[in-house]
Amino acid sequence: MSEQQTESAETDDSIGEKLVELAKRRGYFFQSSGAYGGVGGFYTFGPQGAALKGNVEDAWRDRFAVAEGNMEIDAPTIMPEPVFEASGHLDGFDDMLVECPDCGESHRADHIVEDNTEYEDAESLPIPEVEEVIAEYELVCPNCGAGLAGQAVETFNLMFGTNIGPGDSQPGYLRPETAQGIFVEFPRLKEYARNQLPFGVTQIGRAYRNEISPRRSIIRTREFTQAELEFFIDPETDEPDLSAVADVEVRLYPASEQNVEDGEEIRTTIGDAVAEGVIASPWVAYFLGVAKRWYDAVGVDMDRFRFRQHLSGERAHYASDCWDAEGELDGNWIELAGFSDRGDYDLSKHAAHSEDRFTVFRQYDEPKTVERATVDPDMSYLGPEFGGDAQAVVSELETLAERDRAAFEGDSVTIDLDGESHELPTEKTGFAVEEQTEAGEHIIPHVIEPSFGVDRLVYTVLHHAYREDEVDGEDRTYLELDPEVAPTFVGVFPLQNDDELEATANDIVADLRDAGLSVTYDDSGNIGRRYRRQDEVGTPFCVTVDYETLEEREAQRASDTASGDAPRAEATTVTVRERDTTAQKRLPVSDLPELMADLRAGELSFGELDGKNES
RNA sequence: GCGCGGAUGGUCUAGUGGUAGGACCUGAGCCUUCCAAGCUCAUGGCCCGGGUUCAAAUCCCGGUCCGCGCACCA
């Protein structure tokens, strides 16, 4: 996670400040446990925020799981220690820091020791010993030269630890990324994919990092939601369908440009970027293209969006290449997602540390015939002859057969066992050279990982949607949220306090809710106040029932009665107001559920509505 | 974890060693035929813990939290 400073942040009341205030007041998000003084780095999403976040997650699921044909899982947030020994998180989680008493700078104690003594793996030393070494060698602060002897060496645990079950016999950790929950289950997941590469597994869930200093409200917290896709490929044969995203235009900020002065972002297309080698991995490029379109659809401002390649020193321990999606907020670029080529790092690690197989069988186009030297030792001979060493002799024979067939040409074979030579008759080894057919081989898939930060995205969507304008000489604040993600979709109001208006409005509320829409009803104060209230939470549309609605209904009933038909109420209309323009149209009540559902799905825009203009 | 600056109703804020006022919001009522109008009433607050003092929201110390910088960021 990195936040880069670009131009100086806007000074007077940044949007961020105003947004945090609005978020608190209107129920988007606020600090948790406020009644107990609050706790750093934890936020609660309020009613609007939870709905918005849920909509964003649904949109992500639609795009990255459903539309891509990937499978979604939901793994535990706590996993036992060996998982993180394998993943490499445990090694790096225990940073030893020592602080200079003079200049206050913090340094990695293990690095200072390694740089200035003959110790090579200071990280594995216990803390008291590191402190002793610092005193013994009179090590000094690399920054100002002050002596560090006597300074306490402290550790930072970036993973939250806990104990599974009673006692402390089984330590566990809250996952620092959702990814491990997928990797650990790979042996079973590959079965569900019928052992066919490529396939992808997604997960939306919480991850935890005990950050030293959480910052900037919801941007950097200790508990956050990730939406991750682990896409497993055969690195030699699988290729993405780049044609689907070749024409997607992107702003790229490659490492090569970041490393030079006056380096510039490149505006190009995914197709060209791959062709010109700017993006090395076609798979990463594919997901960058998909992601760009998706970010645009959920409301990230594409003028404040780019992809930035990680510098080599910036990459995680597992990644061979990584691009971040970044959004600009008040002049700062913040990371919204990372797209890593993790290679076979994770699956290899879990294969080495666990009992399970993390490979997939790759069938050859045609079976290969290979000549293979094998042994089939006569154990009734080896047993009595070598006793407990018999098994070691067998494995020694096996490797020898593969390595050096000539060794079996004579009447006896010589093997090496713990530095001692032993001779045994060739006939007892069962040596043979056979032709075998191989249908394929077991390979460790490579992993392409698009990893999205959901909370940061929610914040960015809100930030980019923040608008201030003037309506009839009055200031107005509104959130120009995309209808697809807006937490409340439509507000329904009676124009005034009037029993009939209210009853009709309530009927409309019920109809719209039946259509699956998120509806709010409001009859307080005057109509303008209610519009502004909905503007501020970003509700795209408001429906107002007025006296014309009631008159139309009376007229309709009268004509129905006169013509002998059963009374109907279908010809009545209401005004529908659009948030962004405050424009109004009169639309038939009976059409509302369908029209509103289409507006929400993005299949229709307000401008296309065929209604009588009111404003 | 360090440094600097902060913390007063839901939100934004004024304020003094004698326990607090405003604006907006919210609720009730009146009024109101489409964009934060007006009138009446009401709810609601000094971050936490110590200390100094007759008296602390105010001064001091510690803590928590927030913002910024440093460091960290799998």
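Order of the sequence lines fixes the chain letters, A, B, ..., with proteins taken first and strands second; residue numbering starts at 1 for each chain. Atom set for the values below is all heavy atoms of this structure, side chains included, hydrogens, waters and symmetry mates excluded.
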Requested in this report: Please determine, by modelled atom types, if A:Gln48 and A:Thr488 share a side-chain donor-acceptor pair under 3.5 angstrom.
Outcome: yes
Query raised in the report: When you check the phosphate oxygens OP1 and OP2 of B:U32, does a side-chain N or O of A:Gln496 lie under 4.0 Å from one of them?
Result: no
Requested in this report: Report the distance from atom CG of A:Leu501 to atom C1' of B:U32, rounded to the nearest whole Å.
Outcome: 12 Å
Query raised in the report: Taking atom P of B:U26 as reference, at what distance in whole Å does atom CZ of A:Arg530 sit?
Result: 12 Å
**Report entry** Short side-chain donor-acceptor distance under 3.5 Å, A:Ser524 and A:Asp522
**Finding:** yes
Query - Pairwise P distance for B:U52 and B:G15, with rounding to whole Å - result: 29 Å
**Report entry** Separation between the P atoms of B:C48 and B:A20, rounded to whole Å
**Finding:** 16 Å
Query - Rounded distance in Å between the C1' positions of B:A42 and B:C25 - result: 14 Å
**Report entry** Any strand: nucleotide that pairs with B:A71 via Watson-Crick or wobble, under 3.5 Å
**Finding:** none
Query - Donor on one side chain, acceptor on other, A:Gln534 and A:Thr520, under 3.5 Å - result: no
Report task. Whole angstrom is fine here: how far is it from CG in A:Asp580 over to C1' in B:C35? Result -> 15 Å
Report summary line: Paired with A:Ile204, the side chain to side chain contact (heavy atoms under 4.5 Å, CB included) test is passed by just one of A:Thr178, A:Thr225, A:Asp74, namely A:Thr225
Query raised in the report: Side-chain donor or acceptor of A:Arg533 under 3.5 Å from a matching atom on the base of B:C25?
Result: no
Report summary line: Between CD of A:Glu17 and C1' of B:C68 the distance, given in whole Å, is 11 Å
**Report entry** C1' gap between B:C34 and B:G44, integer Å
**Finding:** 32 Å
Report task. Determine the Euclidean distance between corresponding P atoms of B:C59 and B:G6; express it in Å to zero decimal places. Result -> 11 Å
Query raised in the report: Using a cut-off of 4.0 Å on non-hydrogen atoms, how would the nucleic acid contact of A:Arg577 be classed: base, sugar-phosphate, or nothing?
Result: base
Query - Opposite nucleotide pairing with B:G45, Watson-Crick or G-U, both atom distances under 3.5 Å - result: none
Report task. Check every atom of B:U33, B:C31, B:C68 against the side chain of A:Arg216 and return the nucleotide holding the closest atom. Result -> B:C68
Report task. Sticking with atom C1', work out how far B:G18 lies from B:G69, rounded to a whole angstrom. Result -> 41 Å
Report summary line: Among the nucleotides B:C65, B:G67, B:A74, whichever has the atom closest to the side chain of A:Tyr43 is B:G67
Report task. Measure from the side chain of A:Thr575, starting at C-beta and using heavy atoms only, and say which of B:A74, B:A37, B:C34 lies closest. Result -> B:C34
Report summary line: Considering only heavy side-chain atoms of A:Gln584, the closest of B:A36, B:U33, B:C34 is B:C34
Requested in this report: Take the protein atom CD of A:Gln534 and the nucleotide atom P of B:A36, then report the distance between them rounded to whole Å.
Outcome: 15 Å
Requested in this report: Classify the side-chain pair A:Thr549/A:Asp546 by whether it contains a donor and acceptor separated by less than 3.5 Å.
Outcome: yes
Requested in this report: For A:Gly27, report the nucleic acid contact type (base, sugar-phosphate, nothing); a contact means any heavy atom under 4.0 Å.
Outcome: nothing
Report task. For nucleotides B:C24 and B:A14, find the distance between their C1' atoms and express it as a whole number of Å. Result -> 15 Å
Report task. Take the protein atom CG of A:Leu22 and the nucleotide atom C1' of B:C12, then report the distance between them rounded to whole Å. Result -> 13 Å
Query raised in the report: Considering Watson-Crick and G-U wobble pairs with both distances under 3.5 Å, what does B:C39 pair with?
Result: B:G29
Query raised in the report: What nucleotide among B:U11, B:C34, B:A74 has an atom nearest to a side-chain atom of A:Glu21?
Result: B:U11
Report task. May I ask you to verify if any side-chain N or O of A:Asn526 is less than 4.0 angstrom from the OP1 or OP2 atom of B:U32? Result -> no
**Report entry** Proximal nucleotide (of B:C73, B:A36, B:C34) relative to the A:Arg532 side chain
**Finding:** B:A36
Query raised in the report: Between A:Ser32 and A:Thr44, is any side-chain donor less than 3.5 angstrom from a side-chain acceptor?
Result: yes
Requested in this report: Could you tell me which nucleotide pairs with B:G10 by Watson-Crick or G-U wobble geometry, both distances under 3.5 Å, or answer none if nothing does?
Outcome: B:C24
Query - Pairwise 5' ranking along RNA chain B for A:Arg25 and A:Pro214, keeping only the more 5' one - result: A:Arg25
Report summary line: Which of B:G67, B:A74, B:C35 is nearest the side chain of A:Tyr531? It is B:C35
Query raised in the report: Going by an N to O cut-off under 4.0 Å, is there a salt bridge joining A:Arg342 and A:Glu228?
Result: no
**Report entry** Test item: side-chain donor near acceptor, A:Asp498 and A:Tyr547, under 3.5 Å
**Finding:** yes
Report summary line: Comparing A:Gly525 with A:Pro176, nearest RNA chain B nucleotide closer to 5' gives the residue A:Gly525
Report task. Nearest whole angstrom, please: distance from the C1' of B:A37 to the CD1 of A:Ile527. Result -> 14 Å
Report task. Determine the Euclidean distance between corresponding C1' atoms of B:U64 and B:A28; express it in Å to zero decimal places. Result -> 38 Å
Query raised in the report: With a 4.0 Å cut-off on heavy atoms, is A:Asn497 in touch with a base, just the backbone sugar-phosphate, or nothing at all?
Result: base
Query raised in the report: To the nearest Å, how far apart are A:Asp330 CG and B:C68 C1'?
Result: 14 Å
Requested in this report: Return yes if a side-chain donor-acceptor contact under 3.5 Å exists between A:Arg530 and A:Thr544, otherwise no.
Outcome: no
**Report entry** Candidates B:C12, B:A36, B:A37 - which lies nearest the side chain of A:Lys24
**Finding:** B:C12
Report summary line: Across every strand shown, the nucleotide meeting Watson-Crick or G-U wobble geometry with B:C54 (both distances under 3.5 Å) is B:G18
Query raised in the report: In terms of side-chain heavy atoms of A:Gln31, which of B:C34, B:G27, B:C65 is nearest?
Result: B:C65
Query raised in the report: Given B:C72, B:C34, B:C35, which nucleotide is nearest the side-chain atoms of A:Val471?
Result: B:C35
Query raised in the report: Are any of A:Arg529's side-chain N or O atoms less than 4.0 Å away from OP1 or OP2 of B:U26?
Result: yes
Query - Donor-acceptor pair under 3.5 Å, A:Asp546 side chain vs B:C34 base - result: yes
